[in-house]
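Report on the structure given below.
The figures that follow rest on heavy atoms only: side chains count, while hydrogens, waters and symmetry mates do not. Letters go in sequence order (proteins before strands), and every chain restarts at 1.
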Amino acid sequence: MSKKVYVIAEVGSVHDGSFGNAQRLIDVAISCGADAVKFQTHLPAAETLRDAPMPSYFKGEPRFEYFARTGFTLEQWKKLAQHATAGGIEFMSSPFSAEAVAMLEDIGISRYKIPSGEVSNLPMLDSIAKTGKPVFLSSGMSSWAELDAAVATIRRHHNKLWVMQCTSSYPCPPEHVGLNVLGEMKARWDVPVGYSDHSMENNACLAAVTLGATVVEKHLTFSRAMYGSDAKHSAEPAQFASLVKGIREITAMLENPVDKNDLSAFREMKEIFEKSVVSTATSRPEA
Amino acid sequence: VITLEMLGIKKPGSGIPAARLNEVVGSVAKVDIKSDSLIRETDLVARAA
């Protein structure tokens, strides 16, 4: 990865099971300037018991049924991946079960994002690490000890690893963003760090990039009015495009330190705006 | 001898910089210096320091 910050547009399941909407979300991610578009591969029978407790935002429709209804077939996933690749954007999707990892291998993804809820799923992490593919590890609901175990599991196979600060609150208020954690992660594991955002604005992502995040992830939706658990906390296209523009500008700032002693650009400004010693009376040479 | 009362600090910045005002105080004019004009280094007799 170059110095360019890697921007992941997380579209999750906001397509609501519509293949056409999924394609359009890829198109929107491309037009916003994202480097990757990320879906979620939920295989409800493989990842949840039917009577497992659900987050409050699933009160309208049981989670099991929602994920069964909004999933795609292997052939559809492959077409979406091809659609992304053809548009010059990386196709990613998070697995929530070993079965989903196998499916993503069939689809042919090149890197894995491990969602916050899967950090302690060490058997799945092991099967992901065995593929040898680079891993983005999230951290939204995990302690240092739990993250140590996840990092060690990946590192038993390889060290192509990014660790991402994340707070699993929807939405995440500024007070819980945890910018301090970026440096702590970098020091703890000597890894490139990233930031996965659940706040409403772009500021947390921009601050994270300023502090050295090399990968940033934020939710993208057509509209906050869409159905589903994520839409109301996601960025609409105009906000996401503004985020990418801001990240690119901050990268340009970071890559171009200014030398205050180099005044070559200000010679004319100094003459126009600065001041000199002038006479307020007539002086003559002394006789 | 040029005294502080005979000097001012004004734009433009192309003359003796304002920060060096104190160096001009006490110097001696080598040529006629008109009121309300920029003072040049070359207008002044070099000081014995």
Does CD belonging to A:Glu184 count more than 12 external heavy atoms closer than 6.0 Å? yes
Atom CZ of residue position A:Arg267 - does it have more than 12 heavy atoms of other residues, nucleotides or ligands inside 6.0 Å? no
Would you confirm whether A:Ser276, through its side chain, and B:Pro12, through its main-chain N or O, come within 3.5 Å as a donor-acceptor pair? yes
What distance separates A:Glu274 CD from B:Ser14 OG, expressed to the nearest 0.5 Å? 11.0 Å
I'd like to check the side-chain contact (heavy atoms from CB on, under 4.5 Å) partners of B:Met6; sequence neighbours left out, ordered by chain and number. A:Ala281, A:Ser283, B:Ile2, B:Thr3
For the residue pair A:Ser279 / B:Ser35, report whether a side-chain donor-acceptor contact shorter than 3.5 Å exists. no
What part of B:Lys30 lies closer than 4.5 angstrom to a heavy atom of chain A: side chain, backbone, both or neither? backbone
Counting only heavy atoms not in A:Met269, do more than 12 fall under 6.0 Å of its CE? no
Rounding to 0.5 Å, atoms NZ (A:Lys275) and NZ (B:Lys11) come to a distance of 3.5 Å
Between chain A and each of B:Ala18, B:Ala19, B:Gly8, count heavy-atom pairs under 4.5 Å; write down the option with the most. B:Gly8
Closest heavy-atom contact between B:Leu38 and A:Val278? CD2-CG1, 4.0 Å
OG1 (A:Thr282) and CD1 (B:Ile33) are apart, to the nearest 0.5 Å, by 9.5 Å
So which part of B:Lys34 gets closer than 4.5 Å to some heavy atom of chain A, the side chain, the backbone, both or neither? backbone
A:Asn256 CG: over 12 foreign heavy atoms closer than 6.0 Å: yes
